[in-house]
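What follows is a set of notes on a single structure, which appears directly below.
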Amino acid sequence: MGNEVLVPVKDDYLVDTLCDMGLLNNEQLEAVRAEAESQGEGVVDTLLARKMVKADDVTRARAMQFGVEVIDLTKVKPTDEVLKAVPRYVAKRYKVLPLSIDDGNLVVALSDPGDLDKIDGLQRVLNRDQIFYQVATDAQIEVALEKYYGYTEQAMERMVQELSQTQVDLTALEKTKAKTDDTELKDDDGAPLIRLVNNIIIDGFRLKCSDVHIEPMEQRLRIRYRIDGVLQEANSPPKRLQGAIIGRIKITAGMLISERRVPQDGRIQLTIDNKLIDFRVSCMPSSFGETIVLRILDKSGLRLGLSQLGFMADDQATFERCSAMPDGILLITGPTGSGKTTTLYSCLNYINRPDKKIITVEDPVEYQLTGINQVQVNEAAGLTFGAALRSMLRQAPNIIMLGEIRDLETGSIAVNAALTGHMVFSTLHTNDAPSAVTRMIDIGIKPFLVASATRCILAQRLVRKFCPQCVGPHTPIEAELRSLNITEEQLKTANYQMGKGCKACNGKGYRGRFGIFEVFALDNRAQRMVIEKCSVVELRDHACKTGMNTLREDGIRKVLAGMTSTKEVTTATSSDAH
């Protein structure tokens, strides 16, 4: 286990127990006691420092003293349910590892069963009348906390000390990487740099963040995690390790560490908690060094049904009907980070059947989907969006997915494919659904082609949803109602809720996100308006009159249903205010 630094103690009972175990004799004890008193240290600490007893021995003695069981944490694997019972910040603050929950009774591992202040504090924080415990060494608990909750401050300091004593040869690492062609982060050799980078990434994943930001500042290296759309700062390593950390990530992602003047993109695969997770890595030069963003691509979100994405029943029925059409274009629009990719892939998953041939053209291919032919754009090799689209039409697909309609060439090919019997799914960057029509015309596609090909346009935003553990009834104040123009009539049937904040959501009141949507299915009148080049305002008015709920209206429905707050909807739909 190695030596441990313990708080100095003068515990006669513990020393007596060590003697009863046959680890010390009276002569040795008297000599150590005299040395400890002369140096103002605890007897147990002096015994450990002189290696007269081991940390394991002290742990067993403490367990015997209080009549509790010693546990080997290397042979224990707590379930997700058990880990959720003790939030990350509580486990790290009190240095305890949850082991099991038997008949509602929580069992944890701690190092000192005599620390009554810790035990009482833990019971108060977790709101439990009693907590059962077993004893493990400080070293085992620290390793387990790193494994299940991410790195601790002590672990970070230890790795930084090891790195400070180690000369990191990135050139040698790059050569090793080239030889092995290994795209998965490994921890086999125990190198502190590798463990440090792994822990930064793993910690973000376990916090359920969407991306990890590593940003060089003038005086420090900042680590931030985007959790439910909000950036939160994490423990950051010293500025002097900036080059080593960024170099390690670039090597693992397949980038050139010698190139620091231009942006680079790469990918990393990392197995976390027995799940293979993909990370899309972006590196860009900045004033104080290269900034790195790792986007977490977790396939579990793609298996969600459309209702789990946040669709209300009427919008879901319209979207499902349009996505099942034999031909035409279905567009998903919204700004970067609004969940377009998740919705697009979830839709492909929904319609993916053995009797349908689906081909996608993407840059990059973010998720590998079973049963779907995915083409990665390679500009250097001449495989552009246009070239891939022209070639894929000769493969006789039923459904085509185009990552984004970005110019006249890709737009024209997508429209032609839709008009020749293919169903085309793609994305655009617009603020609302009707604006997608004018965007298509602006890039050079003829209005009559846009009108003939387009079947449905979906605009979306992401809002945070209430934590299910602490959500409860809420009486809205006048300002909340006024911000969304909620009427007295709507209030009569409302189920107003609010997250109070709890250990499960780290006091935020929110956990997870879902979409608010604007589903515009083009009817004959809308198609004529597109051909006549009517304004977006006119097109929007027509869509609303024929049943389209705007982003804000859909958000209001979800506020009244108790799914999210007025603040979330107001922020996400500020451009939709009326």
Side-chain angles (χ1 to χ4, degrees), residues 79-81 83-89 149-150 202-213 224-232 234 272-273 275 277-279 294-313 315-316 332 334-347 349-350 366-367 460-474 495-517 551 554-573:
T79 64
D80 289 341
E81 180 187 0
L83 290 171
K84 287 178 182 176
V86 181
R88 175 176 177 269
Y89 75 95
Y149 288 101
I202 291 170
D203 210 15
F205 175 80
R206 288 178 176 155
L207 287 171
K208 300 187 185 303
C209 76
S210 58
D211 37 53
V212 179
H213 295 252
R224 294 194 291 175
Y225 301 128
R226 190 180 297 278
I227 302 171
D228 293 338
V230 179
L231 282 169
Q232 299 181 22
I272 305 175
D273 301 333
K275 293 172 65 178
I277 307 298
D278 287 326
F279 296 83
L294 299 97
R295 170 63 60 89
I296 298 175
L297 307 175
D298 185 2
K299 295 181 185 178
S300 61
L302 305 182
R303 293 191 291 271
L304 296 175
L306 295 179
S307 60
Q308 293 170 288
L309 295 177
F311 280 99
M312 301 296 269
D315 284 342
Q316 182 176 338
I332 300 177
T336 301
S338 60
K340 298 189 299 297
T341 301
T342 299
T343 302
L344 192 60
Y345 276 90
S346 295
C347 184
N349 238 13
Y350 170 73
E366 294 194 349
Y367 300 93
Q460 71 176 72
R461 299 290 188 277
L462 290 177
V463 295
R464 291 184 292 176
K465 59 184 176 183
F466 293 134
C467 170
Q469 302 296 322
C470 64
V471 66
H474 170 67
N495 177 31
Y496 248 93
Q497 302 279 310
M498 184 63 71
K500 311 301 181 186
C502 65
K503 60 189 179 185
C505 60
N506 286 331
K508 304 293 183 184
Y510 300 96
R511 193 168 65 175
R513 291 189 292 175
F514 64 89
I516 55 175
F517 303 98
L551 287 167
D554 190 46
I556 291 172
R557 293 196 294 173
K558 287 161 183 173
V559 168
L560 297 176
M563 300 166 67
T564 190
S565 66
T566 55
K567 181 181 178 182
E568 284 293 301
V569 173
T570 303
T571 303
T573 62

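This one's a predicted model, so the numbers in the text were calculated from it and none came from an experiment.
With sequence neighbours excluded, the residues forming a side chain to side chain donor-acceptor pair (under 3.5 Å) with T343 are Q460, listed by chain and number. In terms of the side chain to side chain donor-acceptor pair (under 3.5 Å) criterion, K508 has no residue partners (sequence neighbours excluded). Partners of D228 under the side chain to side chain donor-acceptor pair (under 3.5 Å) rule, at least two apart in sequence or in another chain, do not exist in this structure. By the side chain to side chain donor-acceptor pair (under 3.5 Å) test, R224 is found to be paired with E215, residues two or more places apart in sequence or in another chain being considered. Residues satisfying the side-chain contact (heavy atoms from CB on, under 4.5 Å) criterion with R295, sequence neighbours excluded, are D211, R280, L297. Every residue meeting the salt bridge (charged side-chain N to carboxylate O under 4.0 Å, His left out) condition with K558, not counting sequence neighbours, appears here in chain and number order: D554.
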Q: Let me see the working for V463 and F514 under side chain to side chain contact (heavy atoms under 4.5 Å, CB included), right down to the final yes or no.
A: CA-CA 6 Å; V463 295; F514 64 89; 3.8 Å; yes
Q: Go through the steps to decide whether H474 and Q497 satisfy the test side chain to side chain contact (heavy atoms under 4.5 Å, CB included), and finish with yes or no.
A: CA-CA 5 Å; H474 170 67; Q497 302 279 310; 5.5 Å; no
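Not one N or O on the side chain of K500 forms a donor-acceptor pair closer than 3.5 Å with the backbone of G509. Without hydrogens or angle criteria, S338 side chain to L462 main chain gives no donor-acceptor distance under 3.5 Å.
Atom-to-atom distance recorded for K465:NZ and S565:OG is 14.0 Å, nearest 0.5 angstrom. Here SG of C347 is found 6.0 Å from CD1 of I332. Values are rounded to the nearest 0.5 Å. For the atom pair I556 CD1 and T566 OG1, the distance stands at 10.0 Å (nearest 0.5 Å). Here CZ of R226 is found 12.0 Å from CD1 of I296. Values are rounded to the nearest 0.5 Å. Separation of atoms OG1 (T573) and CD (E568) is listed at 10.5 Å; rounding is to 0.5 Å. In this structure, F517 CZ and R461 CZ are separated by 11.5 Å, a value rounded to the nearest 0.5 Å.
In this structure, N495 and L560 have side chains that are not in contact, with every pair of non-hydrogen atoms separated by 4.5 Å or more. Counting heavy atoms from C-beta on, the side chains of F466 and M498 come closer than 4.5 Å. Side-chain contact between R557 and D315: present, with at least one pair of heavy atoms (C-beta onward) separated by less than 4.5 Å. Between P468 and R511, the closest side-chain pair of non-hydrogen atoms falls below 4.5 Å. Between F279 and V212, every side-chain heavy-atom pair lies at or beyond the 4.5 Å cut-off. Side-chain contact between F311 and I516 is absent, with no heavy atoms from C-beta onward closer than 4.5 Å. Side chains of H213 and L231 form a contact here, defined as non-hydrogen atoms less than 4.5 Å apart. Residues S346 and L309 meet the side-chain proximity criterion, which asks for heavy atoms closer than 4.5 Å.
Contact record, Q469 with C502: CB-SG, 3.9 Å, taken as the closest heavy-atom pair.
Side-chain contact of Y225 with S210: a donor-acceptor pair under 3.5 Å is absent, judged by distance alone.
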